[in-house]
There are 2 protein chains.
Amino acid sequence: MAGNTASTGVDSAGSATSGGPVGAPRRLRSDAQRNIDSLLEAAKAAFGTSGVDAPAKEIADLAGVGVGTLYRHFPQRSDLVVAVIQRDIDACADAASTLSAANEPGVALAKWLFRYTEFLATKRGLAAALHSGDPAFDALPGYFFERLGPVLGSLLEAAIASGEIRAGISPKDLLYAVANLSLPVADEGVAYSQRMVALLIDGLRYGAELQRS
Amino acid sequence: MAGNTASTGVDSAGSATSGGPVGAPRRLRSDAQRNIDSLLEAAKAAFGTSGVDAPAKEIADLAGVGVGTLYRHFPQRSDLVVAVIQRDIDACADAASTLSAANEPGVALAKWLFRYTEFLATKRGLAAALHSGDPAFDALPGYFFERLGPVLGSLLEAAIASGEIRAGISPKDLLYAVANLSLPVADEGVAYSQRMVALLIDGLRYGAELQRS
DNA sequence: TTGCTAAACGGAAAGCAATTCCGTATACTA
DNA sequence: TAGTATACGGAATTGCTTTCCGTTTAGCAA
């Protein structure tokens, strides 16, 4: 779970001067670890209540720590946002593998995409941050793909092999396309997103039979 | 062109001589109008250079006015953003009618969608604002649709009539779907957006022949 | 257990950008 | 040409992020 280390650094390089095994950055003190967890919990709650722009103070209070502590672990407000999102990405990836094991290839693909859609729908404001242009979020899309890409990749591969879906679409493209389609627009809700995703899936089915056999 | 009046009010009504009836807003003073124009120009430039988060001061300086003046015409920073976007929406709508007059229905539809895609691509940060959840932008999607909906509606209608596209998709859905797909993701450029839009169009073609005749 | 020290804490203060206020300047009208 | 509503500029206010630093504490060794 990447989120836990925050971006305080804990840079992988241990610069081995002490002769010990490289990359042993010294373990986090227990209270620090506890506070990081509290902060992530609090942040998730605050983002849900007050949106991504919830003041740092509000989050710190909710977590029962001072703002100084918040900034010790998450040097920039955006680092907290990133950590929270990464946590949820991990959860989604895990759910995917379970789902793929219990369904037919084509069904598994569609089901997972809809599940993914719902997952994104709960993000709302968080997803917006992704597109804010703030360099602080530059790493997120990468993490997104790194984590979910392989999962969707297998689903896709299986569905193509069974002839239900045409080849030629990359996991990355599909991942991002659905993410974008799931952004909240106007007064429409999740229903809109799902309609659009369904349309995209039809696009994938278009011409699939030509490749069969 | 809605942008010019800013949100200071100045509702469309004009006329009304001296002892006029209720709601004669009184025309804008010439220097005020000039400053509003300068501000819109400056804002567009600043957004391009420093992103949507360009400081108000920067924009005011660029326009050669004080921040007080900026806030007089655009009470909230977001009002400026809205005005700039509306301007560009209008331009896109106009281009659409021209295009639709010079092409076959199906071609016109596809061409316009790609043109629309490119238009959105230049917005980048601005588009992100749309999804920020800030209530200040609530009116934008409405304007977006009000202006572009009818245009895309005609294109769509014609393409459906010619049997190239299946019925059942609303202009609104398509408009928003493409807008979302055009959001910048990761390191991909416009090419990505266009690939996805093409996929969506294929989705529309899927099953079209079944409805023919 | 006790003592020591690096690590972590909390919250006051500093830094910044958005927004408001208000005295001054100016475009219109009579 | 004078009078007045409008508009102007920029200093002051406000609210939030981020930094700083004296105080507290977990983890370790004697």
Side-chain angles (χ1 to χ4, degrees), chain A residues 4-10 18 20 24-39 42-43 46-47 50-82 129 132 134-137, chain B residues 4-10 14 16-20 24-39 42-43 46-47 50-82 129 132 134-137:
Chain A
N4 286 350
T5 56
S7 40
T8 303
V10 186
S18 52
R26 193 181 296 254
R27 198 147 82 250
L28 218 46
R29 230 171 70 174
S30 66
D31 56 342
Q33 182 60 60
R34 201 180 320 124
N35 283 335
I36 288 176
D37 289 341
S38 301
L39 281 167
F47 291 162
S50 318
V52 244
D53 292 327
K57 182 68 165 42
E58 179 183 331
I59 297 170
D61 287 350
L62 208 69
V65 306
V67 282
T69 300
L70 188 162
Y71 276 91
R72 158 170 297 269
H73 297 301
F74 305 94
Q76 315 220 62
R77 242 190 64 78
S78 56
D79 292 329
L80 229 195
V81 177
V82 168
S132 67
D134 185 328
F137 299 107
Chain B
N4 286 349
T5 55
S7 38
T8 305
V10 189
T17 42
S18 35
R26 197 177 296 251
R27 212 168 49 254
L28 264 188
R29 230 170 71 174
S30 65
D31 55 344
Q33 182 60 60
R34 201 179 321 122
N35 282 336
I36 287 176
D37 289 341
S38 301
L39 281 167
F47 291 160
S50 318
V52 244
D53 292 326
K57 182 66 164 42
E58 179 183 331
I59 296 170
D61 287 349
L62 208 70
V65 306
V67 280
T69 300
L70 187 161
Y71 277 92
R72 158 169 297 270
H73 297 301
F74 304 94
Q76 315 221 61
R77 242 191 63 78
S78 56
D79 292 328
L80 229 194
V81 177
V82 169
S132 67
D134 186 327
F137 299 106

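Just so we're on the same page: letters track the sequence lines, and every chain starts at 1.
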*Closest listed nucleotide, where the reference is the side chain of A/T69 and the choices are D/dG9, D/dA7, C/dC9*: C/dC9
*Once you round it to whole Å, what is the distance between C1' of C/dC9 and CG of A/D61?*
15 Å
*Can you find a heavy atom in the side chain of A/F74 that is under 4.5 Å from one in the side chain of A/I36?*
yes
*To the nearest Å, give me how far apart CZ (A/F74) and P (C/dC9) are.*
11 Å
*Looking at side-chain heavy atoms only, is the closest gap between B/I59 and B/F47 below 4.5 Å?*
yes
*What is the distance, rounded to the nearest whole Å, between atom CD of A/Q33 and atom P of C/dA7?*
16 Å
*OH-CD distance between A/Y71 and A/Q76, expressed to the nearest 0.5 angstrom*: 8.5 Å
*For B/T69, which residues count as a side-chain contact (heavy atoms from CB on, under 4.5 Å) partner, sequence neighbours excluded?*
B/N35, B/V65, B/H73
*Under the side-chain contact (heavy atoms from CB on, under 4.5 Å) test, which residues partner A/D61, sequence neighbours left out?*
A/K57
*Base-contact (B) and sugar-phosphate-only (S) positions in nucleotides 17-30 of chain D, heavy-atom cut-off under 4.0 Å, - elsewhere*: SBB-----BSS---
*How long is the gap from CZ on A/R72 to CG on A/L70, to the nearest 0.5 Å?*
12.0 Å
*To the nearest angstrom, how far is B/R27 atom CZ from C/dA27 atom P?*
15 Å
*Reckon A/H73 has a side-chain N or O less than 4.0 Å from the OP1 or OP2 of C/dC9?*
yes
*May I ask you to verify if any side-chain N or O of B/N35 is less than 4.0 angstrom from the OP1 or OP2 atom of D/dA7?*
no
_Separation of C/dC9 P from A/L39 CG (nearest whole Å)_ = 9 Å
